Amino acid sequence: MYISRLTTLTFVIGSLLVGAASAETQLRSADTHPDGYPTVEAVKYMGELIKERTAGRYGVEVYHSAQLGEEKDTIEQTQAGVIDFNRVSMGPFNGIVPVTQVPSLPYIFRSTDHMRHTMDGPVGEEILKAFEAHNLVGLAFYDSGARSFYNTKKPITSLEDLKGMKFRVIQSDVFVDMVNALGANATPMAYGEVYSALETGVIDGAENNWPSFESAKHFEVAKFYTLDQHQIVPEVLVMSKSSWDKLTPEDQAIFRQAAKDSVVKMRELWDAREKKSREIVEAAGVKINEIDKKPLIDAMKPVHEKYLSTPELKDVAARIQATE
Ligand code: GTR
């Protein structure tokens, strides 16, 4: 009786110590978003799973709020093995991993559900694998809702209204061509510079989903949000190939599974945050308007043609479109 109680106590104290102490090897993960954002929380959750499943040998620290730099730079650092994990939009990968251009194309996904089904299936697996040729290991896709235009000037109610307006875009040719094809002017720029560019009038607007529009505080200066929902671009969680190669095959399997498990958590957080963010911006007086998407979809045809330039990329697009 005495011994078994003591044993239990020792076990409990031991577990508490493992829980409290940081992992033996602490890996670093980059994110441009602030603490509490769904992507940041999902990677933290993955870190907890990894720590638990490796009995404290590995843990993950998320450097949120672009503490490790803007996305383009953190991608290079992840490829170089300086950063272990990176959660980034597919957009900044467009110039590095060509197949990521396909799910970044405007109006390629019909809905968030369509995006989720596609990325959970064989097309998603294929895209994750494509990162390996670029010193990265693709682990999972996260949500990023639908991107829409917002601006400081006026409600955009038709394609005509977009003409000549200056919009910040992600540093990707797909994004630049998309905005230019609508008759507007694209200004590629790092995410962290957008707030002041809106404030000083360097740009008229930008485009993003509800949680980004809200958490980056762009809604404080851009009061018009148009529900054109031109892109549903998945986020991707990658690991540096050199960090990955240091893991045993067993640990690699644990990491992969933990990343996959974090997707479920991410989706719950995402759905809740989208609603909350919309409420916050509406309460702050942002004017939201619908727009007929048909003329915009038609205007994007040359962009699809340009980027679906090989039989392989055409095939990926066809399989995305054929996914239920
Ligand atoms: C967000 C995305 C970020 C970043 C940002 C941007 O939706 O989550 O990773 O790419 O957009 O527009 O730069």
Side-chain angles (χ1 to χ4, degrees), residues 29-43 62-78 83 85-97 100-101 103-104 106 109 112 115 119 136 138-151 166-176 178-179 186-198 202-203 205-219 221-222 225 228-238 262-263 266-267 269-271 273-274 276-278 281:
S29 188
D31 201 310
T32 198
H33 291 302
D35 204 17
Y37 195 92
T39 53
V40 172
E41 295 309 308
V43 176
V62 182
Y63 290 78
H64 54 77
S65 313
Q67 290 172 69
L68 300 180
E70 296 288 349
E71 290 190 338
K72 249 181 139 231
D73 304 326
T74 60
I75 289 175
E76 281 171 21
Q77 293 185 52
T78 314
I83 297 175
F85 292 95
N86 206 347
R87 192 296 311 161
V88 203
S89 162
M90 204 80 117
F93 278 117
N94 292 164
I96 303 169
V97 186
T100 64
Q101 293 166 358
S104 305
F109 292 112
T112 295
M115 186 280 282
M119 302 319 271
L136 297 164
L139 292 176
F141 296 109
Y142 286 160
D143 276 45
S144 197
R147 298 178 77 97
S148 286
F149 289 106
Y150 50 86
N151 79 94
K166 227 172 165 185
F167 288 99
R168 173 271 172 175
V169 289
I170 286 187
Q171 290 146 304
S172 144
D173 289 348
V174 176
F175 282 67
V176 170
M178 171 188 78
V179 164
T187 306
M189 187 185 282
Y191 191 51
E193 292 166 21
V194 180
Y195 187 98
S196 74
L198 286 167
V202 168
I203 49 173
E207 43 84 56
N208 226 312
N209 52 48
W210 291 118
S212 295
F213 180 52
E214 173 261 310
S215 65
K217 308 270 182 253
H218 297 170
F219 70 95
V221 272
Y225 192 97
D228 62 277
Q229 302 172 321
H230 52 265
Q231 279 164 311
I232 298 177
V233 187
E235 312 273 21
V236 63
L237 175 64
V238 295
S262 73
V263 173
M266 161 72 192
R267 288 179 181 169
L269 295 170
W270 182 259
D271 292 343
R273 181 64 180 249
E274 264 196 325
K276 193 178 144 207
S277 294
R278 182 172 176 159
V281 306

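Heads up: numbering here begins at 1 and tracks the sequence. A quick note: this is a predicted structure, and the numbers were derived from the prediction, not measured. What you see below is based on every heavy atom in this structure, not just the backbone, and it leaves out hydrogens, waters and symmetry mates. Just follow the structure's listing: the first ligand is 1, and inside any ligand the first atom is 1.
Considering every non-hydrogen atom in both S215 and H33, the closest pair reads OG-ND1, 4.4 Å. Scanning both residues, G145 and E274, for their nearest heavy atoms gives CA-OE2, 3.5 Å.
A heavy-atom distance below 4.5 Å is found between the side chains of W270 and P211.
Summarising the geometry, atom CD1 belonging to I75 is positioned 6.0 Å from atom CG belonging to N86; distances are rounded to the nearest 0.5 Å. Distance check, rounded to the nearest 0.5 Å: CZ of F175 to CG of N94 gives 6.0 Å. The CD atom of E76 sits 10.5 Å away from the CD1 atom of I83 when rounded to the nearest 0.5 Å.
Annotation: N209 places an N or O atom under 3.5 Å from an N or O atom of ligand 1; distance criterion only. Checked by distance only, ligand 1 and R87 come closer than 3.5 Å through their nitrogen or oxygen atoms.
If you look at S89 next to ligand 1, the close heavy atoms, those under 4.0 Å, come from the backbone and the side chain alike. Contacts with ligand 1 closer than 4.0 Å are made by no heavy atom of V233, backbone or side chain.
Residue contact annotation: E207 has no non-hydrogen atom under 4.0 Å from ligand 1. The closest approach between a heavy atom of S144 and any atom of ligand 1 is below 4.0 Å.
Using modelled atom types and a 3.5 Å distance limit, the side chains of H218 and Y150 yield a donor-acceptor pair.
Salt bridge present: E214 and R273 bring a charged side-chain N and a carboxylate O closer than 4.0 Å.
For ligand 1, the atoms lying closer than 4.0 Å to a non-hydrogen atom of N208 are 1 (C), 5 (C), 6 (C), 7 (O), 11 (O), 12 (O). Heavy-atom proximity to S212, at under 4.0 Å, picks out these atoms of ligand 1: 1 (C), 7 (O).
Of the protein's non-hydrogen atoms, E71 OE1, 2.8 Å is the one closest to atom 10 (O) of ligand 1. Of the protein's heavy atoms, E235 OE2, 2.5 Å lies nearest to atom 8 (O) of ligand 1.
Within the set E70, R168, R147, the minimum heavy-atom distance to atom 13 (O) of ligand 1 is found for R168.
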